[in-house]
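What follows is a single structure, written as structure tokens, with notes after it.
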2 protein chains.
Amino acid sequence: MAKRKETSTNHINREKISGVCGVAHAIDILAGRWKLFILYKLVNRTLRFSELKEHIPNITDRMLTLHLQELEAEGLVSRTVYAEVPPRVEYSLTEIAARLIPVWDQLNEWGHQHRNSRLQR
Amino acid sequence: MAKRKETSTNHINREKISGVCGVAHAIDILAGRWKLFILYKLVNRTLRFSELKEHIPNITDRMLTLHLQELEAEGLVSRTVYAEVPPRVEYSLTEIAARLIPVWDQLNEWGHQHRNSRLQR
DNA sequence: TATGCAACACACAAAATTGTAAGTAATGGC
DNA sequence: GCCATTACTTACAATTTTGTGTGTTGCATA
């Protein structure tokens, strides 16, 4: 999550695969532990750092910060800083992140189907 | 990938999140480095271990084995062993994995859109 | 002057994933 | 007997992700 070693085989494989396949690329940038949770909370509303923290049980400052930074770097979340003390920073979805929402619905249904199918064993 | 420590905070958070959210669950089981590649290669056909290896550049025996085992454990891939020597093992998609395909198409398009939008910076 | 707040940063540790480099088993052909 | 073949396994190392705990900043209020 922090810095990645750009010469590692791992990194090279990652780039090569998600450079070719859109699905792999999408999953790659959505796969952090808390990322979907964060994005989901931001659907249709803007929240500040502390509000996200309240909405997401068990997340720590550090994890929220890291994931928000990556989401911002990937252009999925926009960050607005207000020059106040104590600081106020607001996060919201970008346009391209919002375009994910209809896909989510289907993936969500598939996920539930899959989970249910496993419970029957 | 090997064994996970079931008492770790990480593991508990994973379970809690993907137990509630279908998307998180889906992404969780699809997020291995080579998983999508493997699944993609199996669409509409059955392949044996060595064929998969040929189709997927740079993958190692170990990675292919591990990912196939997880995919099988998640019910996305079915494994058929033929009692021959040298061994022959064939892999194919399960019905629930096949249900992913239409979702892939959309996620794929989103992934490409997102990647292109990044290139313009 | 001391304290609290919000949104981080930093150092470090633990856990999980990925990669590398060896084996291994059973059998048919030489 | 010796070797080649296929689908793995094992031991280990490197990398990446996640978690824990503490420190920082600048201003307002007590």
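Bear in mind that the values here come from a model prediction, so they are computed numbers and not experimental data. A note on names: the letters A, B, ... follow the listed sequences, proteins ahead of strands, and every chain is numbered from 1.
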When the distance from CZ of Arg14(B) to P of dG19(D) is rounded to whole Å, what number comes out? 10 Å
With respect to the side chain of Arg48(A), which nucleotide from dA7(C), dT16(D), dA16(C) is positioned closest? dA7(C)
Distance-only donor-acceptor check, side chains Arg14(B) and His11(B), under 3.5 Å: no
What's the CD-C1' distance between Glu51(B) and dT6(D), to the nearest Å? 12 Å
Among the nucleotides dT15(D), dA6(C), dA11(D), whichever has the atom closest to the side chain of Arg62(B) is dA11(D)
Report which part of the nucleic acid Thr9(B) touches: base, sugar-phosphate, or nothing (heavy-atom distance under 4.0 Å, all strands). sugar-phosphate
Met63(A) CE to dA7(C) C1': how many Å, rounded? 16 Å
Would Leu64(A) and Phe37(A) satisfy side-chain contact (heavy atoms from CB on, under 4.5 Å), going step by step from the backbone distance to the final call? CA-CA 10 Å; Leu64(A) 185 50; Phe37(A) 215 140; over 6 Å; no
Which residue is it: Arg33(A), Lys3(A), Arg4(A)? I am looking for the one with a salt bridge (Lys or Arg N to Asp or Glu O under 4.0 Å) to Glu70(A). Arg4(A)
Among residues 78-91 of chain B, which ones have heavy-atom contacts with DNA chain D below 4.0 Å? Arg79(B), Pro86(B), Pro87(B), Arg88(B), Val89(B), Tyr91(B)
Report yes if some heavy atom in the side chain of Tyr82(B) is under 4.5 Å from a heavy atom in the side chain of Val89(B); otherwise report no. no
May I have the distance from Leu66(B) (atom CG) to dA11(D) (atom P), rounded to whole angstrom? 14 Å
If you only use heavy atoms from C-beta on, which nucleotide in dG21(D), dT17(D), dG19(C) is closest to the side chain of Arg4(A)? dT17(D)
Does a side chain donor of either Ser78(B) or Thr94(B) reach within less than 3.5 Å of an acceptor in the other side chain? no
If I take atom CG in residue Leu64(B) and atom C1' in nucleotide dT18(C), what distance separates them, rounded to the nearest angstrom? 14 Å
Determine the contact category for Ser50(B): base if any of its heavy atoms lies under 4.0 Å from a base atom, sugar-phosphate if only primed atoms, P, OP1 or OP2 are that close, otherwise nothing. sugar-phosphate
Just how far is it from atom CG of Leu30(B) to atom CD1 of Ile27(A), taken to the nearest 0.5 Å? 4.5 Å
Along DNA chain D (nearest heavy atom to each residue), the more 5'-positioned of Thr7(A) and Thr60(A): Thr7(A)
Taking any heavy-atom pair under 4.0 Å as a contact, classify Asp61(B): base, sugar-phosphate, or nothing. base
Indicate, with a heavy-atom threshold strictly under 4.0 Å, whether Gln69(A) touches base, sugar-phosphate, or nothing. sugar-phosphate
Output the rounded distance in Å from NE2 (His11(B)) to C1' (dT17(D)). 15 Å
How close or far is atom P of dC5(C) from atom CZ of Phe49(A), stated in whole angstroms? 16 Å
On the nucleotide dT17(C), are OP1 or OP2 found under 4.0 Å from the side-chain N or O atoms that Asn10(A) carries? no
Rounded distance (Å) that lies between atom C1' of dC8(C) and atom NE2 of His67(A): 16 Å
From CA spacing to verdict: side-chain contact (heavy atoms from CB on, under 4.5 Å), Leu76(A), His114(B): CA-CA 9 Å; Leu76(A) 300 184; His114(B) 173 268; 3.9 Å; yes
Starting the side chain at C-beta, find the nucleotide from dT18(D), dT16(D), dA15(C) nearest to Ser8(B). dA15(C)
